[in-house]
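Worksheet: one structure, shown below.
Quick note: residue numbers are just sequence positions, from 1. Values in this document were obtained by computation on a predicted structure and should not be read as measured data.
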Amino acid sequence: MTMSIAFTTPLSNRGPRLSDLAFERIAEAIVAGALEPGAVLRDADLAAQLGVSRMPVREALQRLERTGLVETAASRYTRVTVFTEKRIADGIEFGGMLYGGAMQMALRRMDLATHQRLIELLDELCEASEPEAVIDSCQAALAFALENSGNEVMERRRDVQYLLARLRNVAAIAEFVDPIRAHRDMLRAAVVVRDADTAELTVRRMYRIC
């Protein structure tokens, strides 16, 4: 299988580094399914479509490999990761541990304004009804906790959110929606009173790992 997506606009060298922009553009295409599992990724083709040199694309592909969205075999291929059932299960388990730990750290450290914003995001989660809205609002709240954990090492794991979003799209939506709906009120209640231990455990339950 070869890469079949065409990026519609070239990247600009203003602002963030080109390799960061290339990473985000390719990651978003993978998450959305525009680049399908097993699609071969050639740095020359990607560079031409993105309007950049091959170097930032190579850096982006290396970062995508570390994230888990791309897999390589020396002298054979660089391709979009093909997710097995084991990889999906492992990724979901990791997501629960990552976001649970982030919620624990964030609740212990965030200021009043940040705390209030997290509650607002959880209000949106509790009010969501459509499956995709439930998942998206949950992801927004958990990503916010990760970004406000106050731990630099934890915050550097932001790239993995692309991987978890892809796993969400690969797995059946019901696998995520049902446990989120079952525990969202409990999570909000724990966050309101800054019960970090209960909040962490509840996030893990949303991912069905405890």
Check the pair Arg87 / Asp90 against salt bridge (charged side-chain N to carboxylate O under 4.0 Å, His left out), numbers first and verdict last.
CA-CA 5 Å; Arg87 283 186 176 183; Asp90 287 349; over 6 Å; no
Answer yes or no on whether Arg204 is positioned over the face of Tyr207, meaning its NZ or CZ is under 6.0 Å from the six-membered ring centre and within 45° of the axis.
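Not satisfied by the 6.0 Å and 45° rule.
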Do [X] and [Y] belong to the same hydrophobic cluster, where Ile, Leu, Val, Met, Phe, Trp and Tyr are linked whenever their side-chain heavy atoms lie under 4.5 Å apart, directly or via other members?
X: Leu118; Y: Leu112; answer: no
X: Val153; Y: Met110; answer: no
X: Leu146; Y: Leu122; answer: yes
X: Leu201; Y: Ile209; answer: no
X: Met105; Y: Ile119; answer: yes

For Glu71 and Val82, indicate whether the former's side chain and the latter's backbone hold a donor-acceptor pair under 3.5 Å.
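Pair found, side chain donor or acceptor close to backbone of Val82.
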Measure from the side-chain N and O atoms of Arg205 to the backbone N and O of Glu200, and report whether any donor-acceptor pair falls under 3.5 Å.
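No, because the side chain of Arg205 does not come within donor-acceptor range (under 3.5 Å) of the backbone of Glu200.
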So do [Y] and [X] actually touch side chain to side chain, heavy atoms under 4.5 Å?
X: Ile26; Y: Val70; answer: no
X: Met186; Y: Met206; answer: no
X: Leu41; Y: Tyr77; answer: no
X: Leu125; Y: Ile180; answer: yes

Which residues share a side-chain hydrogen bond (donor to acceptor under 3.5 Å, both in side chains) with Glu120, sequence neighbours left out:
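Scan of Glu120 (side-chain hydrogen bond (donor to acceptor under 3.5 Å, both in side chains), adjacent residues dropped) gives Arg117.
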Which residues pass the side-chain hydrogen bond (donor to acceptor under 3.5 Å, both in side chains) test with Asp197, sequence neighbours left out?
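Partners of Asp197 under the side-chain hydrogen bond (donor to acceptor under 3.5 Å, both in side chains) test: Gln104, Arg108.
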Would you tell me whether Glu124 and Ser137 have side-chain atoms, one donor and one acceptor, within less than 3.5 Å of each other?
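No, no side-chain donor-acceptor pair sits under 3.5 Å.
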Count the heavy atoms belonging to other residues, nucleotides or ligands that lie under 6.0 Å from CE of Met97, then report whether that count exceeds 12.
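Not buried by this count: 12 neighbours or fewer within 6.0 Å.
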Residues Arg66 and Asp159 bridged, charged N to O under 4.0 Å
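So Arg66 does not pair with Asp159 through a salt bridge.
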Test of ring centre spacing under 6.0 Å for Phe23 and Tyr162:
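So the answer is yes for these two rings.
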With sequence neighbours left out, write down each residue that passes side chain to side chain contact (heavy atoms under 4.5 Å, CB included) with Asp185, or none if nothing qualifies.
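Testing Asp185 for side chain to side chain contact (heavy atoms under 4.5 Å, CB included), a comparison that skips the adjacent residues, returns Cys126.
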